[in-house]
Amino acid sequence: MNLKDIVRRHRLLLIAGIGLGLAGAAATLAQPWMLGRLIEAVSRDESLAWPLTLIALFFLADAALSAGHAYAIGRAGENIVYDTRRTLGGRLLRSRIPDFSRLQLGDVFARTVSDTSIACLVIAQALAQMVTSVFMVAGGLVLMAGLDWKLLLTTVGCLGTASAGALLLARQVRRAALQNRENVGAFGSALQRVLGAITTVKASRAEERETEELAALADRARHTGIRVTAYGSLLTPAMNVGTQLSLAVVISWGMARVATGSLSPADLTSFVMYLFYLVSPLVMLFMSISQLQQGRAAVQRVTELGAIPQEEEQEAAGTTAGDLPVPVTPADAPAVRFEAVGFSYQPGAPVLRDVSFTVPSRGLTAIVGPSGAGKTTAFQLIERFHTPDSGTIRVAGQDVAALPLARLRSLVGYVEQDAPLLRGTIRENLTYANPSADAAGIARALRLASLEDFVAGLPDGLDTELGERGAGLSGGQRQRLAIARTLLQRPAVILLDEVTAHLDSDTEAALRDAITEAARECAVLAIAHRLSTIVQADRIIVMEEGRVRAVGTHRQLLQDDEVYRRLALQQFAAEEAAV
């Protein structure tokens, strides 16, 4: 993501705003000269109507141009913020899972929400203000030189010293601002971590400990924020000292020269007016420099986040599954095939080793094995959340590495173990993967997931609002809604990652029937620990330490595989104990 390109899209509005600001500055610079002419007219006993009319017109023009300048720059800044957030949001959603998982969510929120606002609004407004202020200062100095160059040299000497100090302060502001943004991001990450596990925090009686940790992070942000404020608060006084010193010297020396007749009262009045008029643009200039330094810190953080590696460029361009050509699939092609697949999250620590298996185009296939065997990793490789280090994975006969992501993920439906749902209505969650689903398809998905009666009994039915992560539903209901969402997608392959873990016996029995019916239409590949799911599978793949050690039916594996027999006997013992 390039912020320069985003700013360039709105350059016409920025140029218009800067043009209005420059025109307003020109009208401002004309006012002291007009006042000098008014004084001359008074001294010559001439008519004051024309000078007063011109001064009034310049005042009105200055006010109108300043208002137009502020509106144009403000609008351009808001447009830039919008484009930056839209672009950054799209890049985050299309980022590669391994790279996204390394980010701290609180820091991501801080960069996306507050840093984008600071970076774009400050840069647009401060940049425009800097251009206008430079014009005002330069124009004022030129006009002051025309009035009296000796007084100008005195003024420049006093203001130059103050300006050098202000530049040093502006540099310190930038350093402090960058540290402050990092501390704010760290606080946001910690807050996100705690709020995401608030029930665990309460159950562990860790409220006080977590509060102290959050307070410590907030205190760091406070200290760096105070440093930014301290350095920024010195900028205006530094310029005021130079201005006041200049004013004292100019008035005392100027009055002495007026007394000797080497300087006219009208020119001294105009010079002093220009000196007053220089104060505001000089202060604004160095405030703009300070704001730009803070904005640069925010730009750096936004740019770093925008550089997150992306998935396919085709997906980044916004291509949808409906826009993609459907690849030719052999009629007898298996739903999923692993061919000598190897994968590791960290170098030297393989999670999958030379894994090969086949999932038929119809029926239920279960994957079982001890924890850490690589079962969920295999699912994530099918969805191409990660890329295998070696070997080939095929879905519907096509190499997943060659399939466009939108096409691949329309062929594969994935139900995760914790069944994440989004804030919104039941309908919005249900149709999330298929927004155009019709009423018949929705009713079918609800029936298959055993949710039909539950939804019908709600006062608002499908329009019932859910809280964060599906708050308002039980664990089993969230799981079944996630399954219904996948069934509504009508995929060629359904991946079920331990979906029966949160279900009671009656609901599990209903869900088993739904899985059996879905398996008649497509392939269902399920990670399962419960014996009830294992027994009904058409075939079972046993994994251990990242390898496939056996494939067969429940009866065959009980006889032939020691690991499967141990897992099954443990399940039998647990179920007998429960009874």
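All values reported here derive from a predicted model rather than from experimental measurement.
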In this structure, CG of N434 is separated from CD1 of I442 (nearest 0.5 Å) by 8.5 Å
query: Do R111 and E304 meet the salt-bridge criterion of a basic N to acidic O distance under 4.0 Å?
result: yes
Table please: side-chain donor-acceptor pairs of residues 537-545 below 3.5 Å, with sequence neighbours left out.
from, atom 1, to, atom 2, distance (Å)
D538, OD2, L364, N, 2.7
R539, NH1, T358, O, 2.2
E544, OE1, R549, NH1, 2.7

Run H10 and D83 through side-chain contact (heavy atoms from CB on, under 4.5 Å) and show every step you take. CA-CA 10 Å; H10 304 282; D83 272 2; 2.8 Å; yes
Output for pair (E416 CD, F379 CZ), nearest 0.5 Å, gives 11.5 Å
*Q179 versus N183: any side-chain heavy-atom pair under 4.5 Å?*
yes
- Task: Evaluate the criterion side-chain contact (heavy atoms from CB on, under 4.5 Å) for residue pair L525 and I367; output intermediate values, then yes/no.
- Result: CA-CA 7 Å; L525 181 58; I367 300 182; 3.7 Å; yes
To the nearest 0.5 Å, atom CD of E182 lies from atom CZ of R301 at 6.5 Å
Q.
For a 4.5 angstrom cut-off between non-hydrogen side-chain atoms, does V368 reach L557?
A. no
When you measure from the side chain of E498 to the backbone of L496, do you find a donor-acceptor pair of N or O atoms at a distance under 3.5 Å? no
The salt bridge (Lys or Arg N to Asp or Glu O under 4.0 Å) partners of R220 (sequence neighbours excluded) come to none
_Looking at R384 and L403, would you say the former's side chain and the latter's main chain have a donor-acceptor pair under 3.5 Å?_
yes
Distance col, row L93:CG vs L88:CG, nearest 0.5 angstrom, shows 9.5 Å
For P370 and V563, the nearest pair of non-hydrogen atoms, with its separation, is CD-CG1, 4.4 Å
request  = For residues R547 and D354, determine if any side-chain heavy atom of one lies less than 4.5 Å from a side-chain heavy atom of the other.
outcome  = no
Output for pair (I494 CD1, T486 OG1), nearest 0.5 Å, gives 6.5 Å
L430 and A484 have their tightest heavy-atom pair at CD1-CB, 3.5 Å
Exactly one candidate in T116, V108, D115 meets side chain to side chain contact (heavy atoms under 4.5 Å, CB included) with L305; the answer is V108
For V359 and A523, the nearest pair of non-hydrogen atoms, with its separation, is CG1-CB, 4.1 Å
Note: I308 and L103 closest approach over all heavy atoms is CD1-CD1, 3.6 Å
Just by distance, no angles: are the side chains of D497 and T376 close enough, under 3.5 Å, to form a donor-acceptor pair?
yes
Is any side-chain heavy atom of T377 closer than 4.5 Å to a side-chain heavy atom of Y345? yes
For D99, the salt bridge (Lys or Arg N to Asp or Glu O under 4.0 Å) test, sequence neighbours excluded, returns R96, R102
Taking the side chain as C-beta and beyond, is there a heavy-atom pair between L405 and R94 under 4.5 Å?
no
Applying ring-ring contact (aromatic ring centres under 6.0 Å, His included) to F357 and not counting sequence neighbours gives F338
Check: S95 and E311 side chains under 4.5 Å, non-hydrogen atoms = no
Of all heavy-atom pairs linking P360 and A335, the shortest is O-CB, 3.4 Å
Interatomic distance, NZ@K375 vs CD1@I527, rounded to 0.5 Å, equals 6.5 Å
Residues at least two apart in sequence or cross-chain that pass side chain to side chain contact (heavy atoms under 4.5 Å, CB included) with E383, listed by chain then number, are F385, R409, V412, Y414, L495
For residues 451-465, dump all side-chain donor-acceptor pairs below 3.5 Å to protein atoms at least two apart in sequence or in another chain.
from, atom 1, to, atom 2, distance (Å)
D463, OD1, R427, NE, 3.3
T464, OG1, G461, O, 2.8

The salt bridge (Lys or Arg N to Asp or Glu O under 4.0 Å) partners of R565 (sequence neighbours excluded) come to none
Counting C-beta onward and ignoring hydrogens, is there a side-chain heavy-atom pair between V400 and I382 closer than 4.5 Å? no
Q) Is the backbone N or O of T84 less than 3.5 Å from a side-chain atom of T87, with the two atoms forming a donor-acceptor pair by type? A) no
Applying side chain to side chain contact (heavy atoms under 4.5 Å, CB included) to R362 and not counting sequence neighbours gives none
Taken in chain and number order and not counting sequence neighbours, the residues that satisfy ring-ring contact (aromatic ring centres under 6.0 Å, His included) with H223 are none
Between R555 and Q559, is any pair of side-chain heavy atoms under 4.5 Å apart? yes
In terms of heavy-atom contacts, C522 and A492 come closest through CB-O, 3.2 Å
In short, salt bridge (charged side-chain N to carboxylate O under 4.0 Å, His left out) pairs touching residues 336-353 with sequence neighbours left out are R337-E339, E339-R394
Q.
Tell me whether T303 contacts the main-chain N or O of Q300 through its side chain, where contact means a donor paired with an acceptor under 3.5 Å.
A. no
Taken in chain and number order and not counting sequence neighbours, the residues that satisfy salt bridge (Lys or Arg N to Asp or Glu O under 4.0 Å) with R8 are D5
ring-ring contact (aromatic ring centres under 6.0 Å, His included) filter on Y82, not counting sequence neighbours, yields none
